[in-house]
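Inspection log for the structure reproduced underneath, given as structure tokens.
We number each residue from 1, following the sequence as shown.
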Amino acid sequence: MSWDDLDARLDRVPGVVSAYVGRLDAPATWTRQPAATHYAASTMKVAVLLALHRAAEAGETDLDAPVVVVNEFESARSGTPRFSCARHYDNDDAVWERVGATASLRWLAHRMITRSSNLATNIVLGHVGLPAVARAWALAGARHSVTGRGIEDFAAREAGITNLVTAADLAALLGGLASGVDRPGPLATPAACADMVAVLLAQEHREDLAAGLPAGTPIAHKNGWVRGVRHGAGVVFPDDAPPYVIAVCTTTGPPAGQETTDGCRLVADISAAAWAARRHLTG
């Protein structure tokens, strides 16, 4: 399938589908509405991960020191009560089983990415702070992505404080982490980038981007989903071509009950198209 054919197919999808595909450190080979903003869902957790590792490198926190696992957080909307996460809305019982006990920030960050734990995310976010996450986005070269609040901060949401991403910004963030493994860059040291990429490679939710690749293909990625939204962004490491970055954001609003299946299939199909073109990407 050519990129034009893929665009024609996506033109028939209701809502907005954004994408970015290209080699690391090179202009994109194919994009589709790459600067369109989407609700971030859990893709914002990559910026939180970067902010945490930057804080550790600056000596502001210790990744391996124990912290108390809490479920009460400051709202991004000033003057409102603290908020909590709902266990049924999370994806990781392991973090909930430690509430009231301790865990390391490194372990919490791992669960935040590989299991997409909302509780772990808010704990880590509480330690690094929203300004540090904004700095992480800026260092990656993001132009439109915003992390304005924690997950399930409904008071902030009602006040219009939200989390947004674009396909281009996610590609810049994920691509920057992968490129940073081999040489010093603006995001973090090579060692820290290698640690973060290793966590992203261990992603357990593999039903979208990874589903469009041959089994066993390494992909350092993070996905996110809420009703009518499915995103995936990562770096693919083929054994027969240079690595490439792919980011897909879909806000399609399908009928109730179909959002997971249809969104996953759509992202997987775009991932499969990029894989088929992997030897011909520019850069």
Side-chain angles (χ1 to χ4, degrees), residues 40 42-78 82-85 92 94-95 98-143 145-153 156 161 163-165 169-170 172-202 220 222:
S42 290
T43 58
M44 50 77 76
K45 296 172 182 177
V46 182
V48 177
L49 178 69
L50 174 56
L52 175 65
H53 277 265
R54 287 183 56 80
E57 288 191 325
E60 298 167 359
T61 193
D62 181 350
L63 292 178
D64 297 307
V67 300
V68 178
V69 178
V70 298
N71 185 23
E72 189 174 280
F73 310 99
E74 291 286 345
S75 173
R77 181 180 183 181
S78 61
R82 294 167 69 85
F83 71 96
S84 299
C85 292
D92 189 9
V95 180
R98 297 198 186 193
V99 171
T102 62
S104 71
L105 287 169
R106 188 186 302 277
W107 183 82
L108 289 166
H110 192 276
R111 306 304 293 189
M112 172 179 73
I113 298 297
T114 62
R115 292 298 305 161
S116 206
S117 169
N118 294 336
L119 181 59
T121 302
N122 283 350
I123 295 169
V124 174
L125 184 57
H127 280 269
V128 299
L130 289 168
V133 181
R135 178 65 175 158
W137 279 119
L139 288 169
R143 303 184 63 183
S145 295
V146 175
T147 301
R149 60 172 174 81
I151 298 172
E152 297 180 69
D153 184 352
I161 302 170
N163 300 324
L164 300 173
V165 293
D169 289 349
L170 286 170
L173 177 57
L174 273 296
L177 290 176
S179 297
V181 171
D182 297 322
R183 63 180 184 277
L187 300 187
T189 64
C193 286
D195 285 347
M196 288 183 273
V197 169
V199 173
L200 291 159
L201 282 165
K222 182 71 190 82

State the [atom1]-[atom2] distance between [X] and [Y], to the nearest 0.5 angstrom.
{"X": "Asn122", "Y": "Asn71", "atom1": "CG", "atom2": "CG", "answer": "8.0 Å"}
{"X": "Ser117", "Y": "Met112", "atom1": "OG", "atom2": "CE", "answer": "9.5 Å"}
{"X": "Phe73", "Y": "Leu119", "atom1": "CZ", "atom2": "CG", "answer": "5.0 Å"}
{"X": "Asp169", "Y": "Arg143", "atom1": "CG", "atom2": "CZ", "answer": "8.5 Å"}
{"X": "Thr102", "Y": "Leu108", "atom1": "OG1", "atom2": "CG", "answer": "9.5 Å"}

Do the side chains of [Y] and [X] get nearer than 4.5 Å, heavy atoms only?
{"X": "Ser42", "Y": "Lys222", "value": "yes"}
{"X": "Ser145", "Y": "Leu164", "value": "no"}
{"X": "Leu174", "Y": "Leu200", "value": "yes"}
{"X": "His53", "Y": "Leu63", "value": "yes"}
{"X": "Leu50", "Y": "Leu187", "value": "yes"}
{"X": "Arg98", "Y": "Trp107", "value": "yes"}
{"X": "Leu105", "Y": "Leu52", "value": "yes"}

For [X], all residues meeting side-chain contact (heavy atoms from CB on, under 4.5 Å), sequence neighbours excluded:
{"X": "Asp182", "value": "none"}
{"X": "Ala40", "value": "Thr43, Met44, Asn163, Val165"}
{"X": "Arg115", "value": "Asp92, Arg111, Glu204, His205"}

Quick check against the 3.5 Å criterion: does Arg149 have a side-chain atom that pairs as donor or acceptor with the backbone of Ala156?
no
Return the minimal non-hydrogen interatomic distance between [X] and [Y], and the atom names on each side.
{"X": "Cys85", "Y": "Glu152", "value": "CB-OE2, 3.5 Å"}
{"X": "Ala76", "Y": "Gly148", "value": "CB-O, 3.3 Å"}
{"X": "Phe83", "Y": "Ile151", "value": "CE1-O, 3.2 Å"}

Is it true that Asp64 and Ser104 share a donor-acceptor pair across their side chains at a distance under 3.5 Å?
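No, Asp64 and Ser104 have no side-chain donor paired with an acceptor closer than 3.5 Å.
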Contacts table for residues 124-139: side-chain donor-acceptor under 3.5 angstrom, sequence neighbours left out:
from	atom 1	to	atom 2	distance (Å)
Trp137	NE1	Thr147	OG1	2.9

All side-chain hydrogen bond (donor to acceptor under 3.5 Å, both in side chains) counterparts of Asn118, not counting sequence neighbours
Lys45
Can you confirm whether more than 12 heavy atoms, excluding those of Arg82, are under 6.0 Å from its CZ atom?
yes
Distance-only criterion, 3.5 Å: show the donor-acceptor pairs between side-chain atoms of residues 188-199 and protein atoms not counting sequence neighbours.
from	atom 1	to	atom 2	distance (Å)
Thr189	OG1	Glu57	OE2	2.3
Thr189	OG1	Ala192	N	3.2

